[in-house]
Amino acid sequence: MSIYDHRAIEQKWQKKWRTAGIYQPNLSSARKPFYNLMMFPYPSAEGLHVGNVYAFTGADVYGRFQRMQGKDVFQPIGLDGFGIHSENYSIKIGKHPAQQAKISEKRFYKQLSEIGNGFSWDQRLETYDPDYYRWTQWIFVQMFKRGLAYRKKASVNWCPSCKTVLADEQVEGGVCERCKTPTERRATEQWFFKITEYADRLLANIEKIDWPEKIKTAQRNWIGRSEGAEIDWEIVGSKRLKGRRVTTFTTRLDTIFGATFLVLSPEHPIVGDLISGSEAHNYVQRALLKTEQQRKVGEKEKTGVPTAYEVRHPLTGKCIPIWIADFVLMEYGTGAIVGVPAHDQRDFDFAIEHKLSIKQVVLCNPQNLYKKPWKAFDVNKRLTDEEKCWEINKEVREGKMAYEGYGTLVSSEDFDGLSSEEAIGKILLALEKKRLGRKRVSYHLRDWLISRQRYWGPPIPMIHCDECGWQAVPEEELPVILPNVDDWQPTGDGRSPLEKAPKSWLYTKCPECGGEAKRETDVSDTFLDSSWYFLRYPSTRSARSGQVPFDPELTKKWLPVNAYIGGAEHAVLHLLYSRFVTMALHDWEYLDFEEPFPFLFSHGLIIKDGVKMSKSRGNIVIPDDYIKKFGSDALRTYLMFLGPYDRGGDFRDTGIAGMYRFLMRVWRLYQASSDQRLDKKSKVGEKTDKRLVGPLHRTIKKVTNDLSKFRFNTAIAAMMEFLNVWEERERLSAKDAMIFLRLLAPFSPHMTEELWQKIQRKASPKSYATGQVSVKRHGYRSIHLEPWPEFDESLAAFEKVEIVVQVNGKLRGRIAIAAHEATKKAKVLALAQKQPGVVRFLADVKVRKTIWVAGKLVNFVTF
RNA sequence: GCCGAGGUGCUGGAAUUGGCAGACAGACACGGCUUAGAACCGUGUGCUCGAAAGGGCGUGUGGGUUCAACUCCCACCCUCGGCACCA
């Protein structure tokens with residue numbers, strides 16, 4: 001018996017797979033294309049940790065399962081190497097990002113091959129490769145040509161540590177998504193992509209894609225569509241501002257008669273014209289300097305200053321004062337709101353703080369008492385609904401609380417007595433008639449801020465000419481190569497490091513007039529690099545890869561991606577941007593589909609000792625030592641076993657040791673048979689023990705079903721169960737022993753390949769005619785190209801079943817009976833009544849009812 | 001606050017068209033093997049009453065539906081993840 005030398009075996013097969021190209025489909029001739037993709041990784045400074053291995057393994061197991069089912073699986077790999085993450089690491093260690101990239105790349109690919117994934121290595125790509133970013137720039141140019149890329153001056157997120165602006169999606173809870181530094185607001189001019197133009201379709205298509213509910217909800221919330229109305233308010237009290245208007249957005253037109261003030265965001269363009277006193281001036285200055293975190297998360301008190309102006313109510317004609325307060329956000333709606341303190345909690349808080357008047361216009365009624373957004377207040381549970389409403393309305397009338405629910409209108413002139421629902425429509429009509437209001441849909445989603453004041457990214461392919469303005473770099477001149485400069489560190493003054501690039505790069509001719517012009521020095525967001533890489537993969541080795549971003553024929557064959565697998569942390573980043581870019585390319589007729597990932601599976605998180613792995617906690621688990629000690633097969637199989645794949649789990653050393661034991665046991669069962677003579681004690685022999693046929697077919701069934709649903713942990717449990725039975729029983733024929741190996745192959749590809757090669761010699765050749773194709777093409781017959789085992793439903797069925805016997809729902813006995821007898825009611829009932837437990841419990845009582853579930857259960861009811 | 005997921009032995013987890021709760025593993029304990037340890041093999045392990053046979057209880061809490069509830073309904077508590085002054 002040879003020992004299980006996992007290191008030698010794994011290295012041997014990794015090399016062989018690569019040279020034989022068994023995971024390399026022929027992209028143009030494949031008959032059953034299956035594009036299996038794991039989310040684009042970026043090389044981390046520390047290399048891979050088990051969290052990455054977990055993500056890759058799950059995707060790989062699924063890919064292998066598909067491959068064995070006869071699909072031509074394309075499972076490419078590459079590197080998202082451009083971007084702040086890589087650049088920040090370069091800053092830390094003081095190495096040029098381009099040099100560091102080469103080092104990381106080598107190490108990353110080496111680690112990846114050690115896990116034993118079935119990657120299609122030929123098509124790998126790196127985002128910092130000019131052959132790739134040429135087309136990233138091309139996408140920018142297309143966006144510009146169609147008016148979807150534009151420049152505007154705006155108040156944007158600024159990370160003082162990364163020294164660059166960030167998109168809204170990259171600020172999480174007021175801190176930078178990358179470095180966790182609180183972000184600030186800065187008013188600068190930047191490049192944006194008009195993703196908002198696609199808001200409605202991005203929202204509507206969510207219904208058509210097979211994604212986890214969690215991620216779909218996150219995208220819906222992020223897009224945040226709400227229907228409401230705009231109202232124009234005329235400014236009064238100043239000749240200078242005569243005729244000027246302020247527009248507000250509201251979803252609650254029914255409360256409009258309760259407006260007692262109007263509030264502007266400090267960033268609102270009209271604010272400059274309204275502030276005169278130093279108090280207001282100071283307030284605005286201070287508000288603009290606050291970090292997002294201070295403004296949004298930290299401080300809940302409603303600060304603000306009054307102005308000397310008022311606006312006229314479009315319906316009542318009465319005047320209400322204008323205030324400036326930083327709880328109003330410039331980015332949402334119109335940057336101005338109407339204050340209705342009686343019916344909005346924030347307006348209420350603000351009114352109390354600044355002693356503004358409160359006017360009740362909606363009465364709570366029982367129909368709306370428990371409806372969202374209002375939650376009934378239940379100071380006294382004994383009150384009836386009517387009494388509760390009366391209490392609420394009294395409190396609101398006295399200015400003690402805000403009622404945010406719908407109800408019946410009062411003090412609203414002609415609209416008194418209407419319900420909120422009716423009033424919203426009718427008040428809108430009234431406003432439209434006066435041309436002082438209109439229907440409006442507002443989104444939380446904002447345009448994608450695409451420019452970055454950093455070095456390590458694709459230069460934005462734009463040229464600025466003093467005469468002709470902004471011009472796109474002509475497509476035939478792409479790529480705009482990122483110049484190799486020594487001084488590449490971010491500056492922090494808002495200017496890009498490329499400002500210091502050689503003049504020969506910086507200045508060029510205007511594509512329009514030929515005059516002297518200057519290049520854009522900002523680079524694009526890393527998320528643009530990763531928003532289309534899946535389109536490029538099939539085409540990287542195409543003869544047309546130099547002429548087009550993606551070969552139309554290959555794209556038609558392979559896209560959209562059949563299975564996309566990754567973490568949920570990109571719910572509103574990568575996954576939203578990719579949808580947007582794909583949709584845009586579809587509209588420009590480069591693609592015939594709108595959604596890049598019709599099916600997405602999001603895996604859980606691997607934690608350690610109950611907490612998230614993180615550098616600061618120092619509990620990051622590096623796979624390398626485990627691979628050395630136990631092998632990648634044991635690591636992979638353990639990771640897939642420790643919990644449901646969509647939930648993740650806790651990594652433990654003892655667990656992986658246990659999985660190693662399991663693989664050892666499998667190994668041993670196959671050893672004797674690899675000898676020339678079949679060892680008498682071996683568990684692989686000429687014939688299969690009869691008692692193993694049922695369990696084997698049940699195992700095939702269970703593993704097949706589980707794998708198709710990503711239920712890896714229970715699939716492995718089923719194989720363990722089979723192994724336990726097999727060890728107790730006699731032998732499995734070589735043919736059946738090969739079935740078991742194939743079931744295990746997606747999880748432990750190296751060991752099963754090794755055993756497969758040895759056992760093949762023992763097996764009768766005629767039962768495996770299918771292997772010939774792989775021999776012809778790859779020079780040997782790999783288990784990973786073998787067909788997935790099929791089960792026989794009749795063999796999988798149990799010959800004997802157990803019927804549960806209950807008295808009053810409590811277990812009192814069991815009957816073991818042949819499966820074909822188990823459905824015979826009279827017979828089973830007779831047997832059931834003779835069960836000792838049943839006899840005892842039915843001794844003095846009468847059975848009033850008998851429940852009979854055919855083939856499963858008998859329940860005698862005595863009451 | 002809102003949205004999503006979840007709460008089952010000592011631990012990870014399994015079981016849902018309502019029908020044997022605790023599969024499979026880890027850990028621990030005892031036994032075998034061993035000079036010894038590791039490895040390996042065997043046995044046991046939800047709580048509780050009982051010498052045993054055999055009972056009772058038990059899936060976050062409290063109620064409900066049902067012959068039967070981890071599974072369905074109502075109310076609540078807790079944990080994790082996401083969003084959050086969104087008008």
Side-chain angles (χ1 to χ4, degrees), chain A residues 172-174 212-218 220-222 224-226 228 248-252 255 263 265 295-297 299-302 325-329 331-340 344-347 349-350 372-373 375 442-446 568-569 571-572 604-605 607 610-612 638 641-644 646-659 661-662 664-665 668 711 713-724 727 802-814 836-837 840 847-853 856-863:
Chain A
E172 297 174 344
E213 206 46 50
K214 189 169 91 172
I215 295 186
K216 295 211 276 191
T217 311
R220 278 190 207 105
N221 291 344
W222 189 260
R225 184 190 146 100
S226 56
T248 60
F249 174 74
T250 182
T251 54
R252 292 297 302 275
T255 67
V263 195
S265 158
R295 203 168 143 179
K296 281 190 174 170
V297 183
E299 304 170 6
K300 288 280 176 191
E301 75 269 30
K302 299 281 180 290
D326 67 5
F327 79 89
V328 178
L329 307 172
E331 308 86 62
Y332 187 74
T334 58
I337 62 151
V338 45
V340 185
D344 182 281
Q345 191 59 44
R346 287 156 312 171
D347 296 349
D349 295 343
F350 190 77
K372 282 177 189 175
K375 210 171 173 188
S442 205
Y443 298 92
H444 169 253
L445 182 71
R446 288 162 222 159
E569 69 272 20
V572 293
L605 212 64
I607 55 174
V611 288
K612 225 177 186 168
Y638 168 61
F641 180 64
L642 56 54
D646 57 357
R647 260 199 272 164
D650 204 0
F651 186 90
R652 301 210 182 163
D653 290 12
T654 53
I656 185 168
M659 187 54 75
R661 283 200 289 275
F662 168 71
M664 279 290 264
R665 279 164 63 202
R668 273 191 221 115
R711 292 204 295 234
N713 56 331
T714 48
I716 295 168
M719 288 188 274
M720 288 174 161
E721 252 176 289
F722 179 76
L723 188 73
N724 290 342
E727 281 177 337
E802 261 190 0
I803 305 242
V804 172
V805 184
Q806 298 180 334
V807 175
N808 293 328
K810 287 193 178 166
L811 179 71
R812 297 301 178 199
R814 306 161 201 276
R840 182 152 18 99
V847 175
R848 292 183 182 273
K849 200 166 154 192
T850 303
I851 308 282
W852 163 247
V853 182
K856 272 189 177 171
L857 170 141
V858 178
N859 187 11
F860 298 108
V861 184
T862 64
F863 48 84

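Please read all numbers here as calculations on a predicted model, not as lab measurements. Just so you know, these numbers use all the heavy atoms, side chains as well, and skip hydrogens, waters and symmetry mates.
- Which of B/C67, B/A87, B/C57 sits closest to the side chain of A/Lys810 comes down to B/C57.
- Here the separation of B/A69 from B/G60, taken at their C1' atoms, is 16 Å to the nearest Å.
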I'd like a list of close polar pairs between nucleotides 48-54 of chain B and the protein, N/O only, cut-off under 3.5 Å.
unit_1: B/G54; atom_1: O3'; unit_2: A/Arg840; atom_2: NH1; d: 2.9

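- The base of B/C3 lies outside donor-acceptor range of the side chain of A/Lys214, with no N or O pair under 3.5 Å.
- Both distances falling under 3.5 Å, in either a Watson-Crick or a G-U wobble arrangement, occur for no nucleotide opposite B/U65.
- For A/Arg661 and B/A39, the shortest distance from a side-chain N or O to OP1 or OP2 is not below 4.0 Å.
- When the C1' atom is used for both B/U34 and B/G26, the distance is 25 Å, rounded to whole Å.
- Every residue two or more places apart in sequence or in another chain that forms a ring pair (Phe, Tyr, Trp, His ring centres under 6.0 Å) with A/Tyr638 is listed here: A/Phe651.
- By the 30° and 60° cut-offs, the orientation of the rings of A/Phe350 relative to A/Phe327 is tilted.
- The glycosidic torsion of B/G9 lies within 90° of 0, which places this base in the syn conformation.
- Shown here, B/C33 forms no base pair; nothing in the strands shown gives a Watson-Crick or G-U wobble contact with both key distances under 3.5 Å.
- Judged by closest nucleotide on RNA chain B, A/Lys849 is the one of A/Ala218 and A/Lys849 placed further toward the 5' end.
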If you restrict it to nitrogen or oxygen atoms, what contacts under 3.5 Å exist between nucleotides 15-19 of chain B and the protein, and what is each distance?
unit_1: B/G19; atom_1: N2; unit_2: A/Gln806; atom_2: OE1; d: 3.4

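- Atom NZ of A/Lys856 is surrounded by 12 or fewer heavy atoms from other residues, nucleotides or ligands within 6.0 Å.
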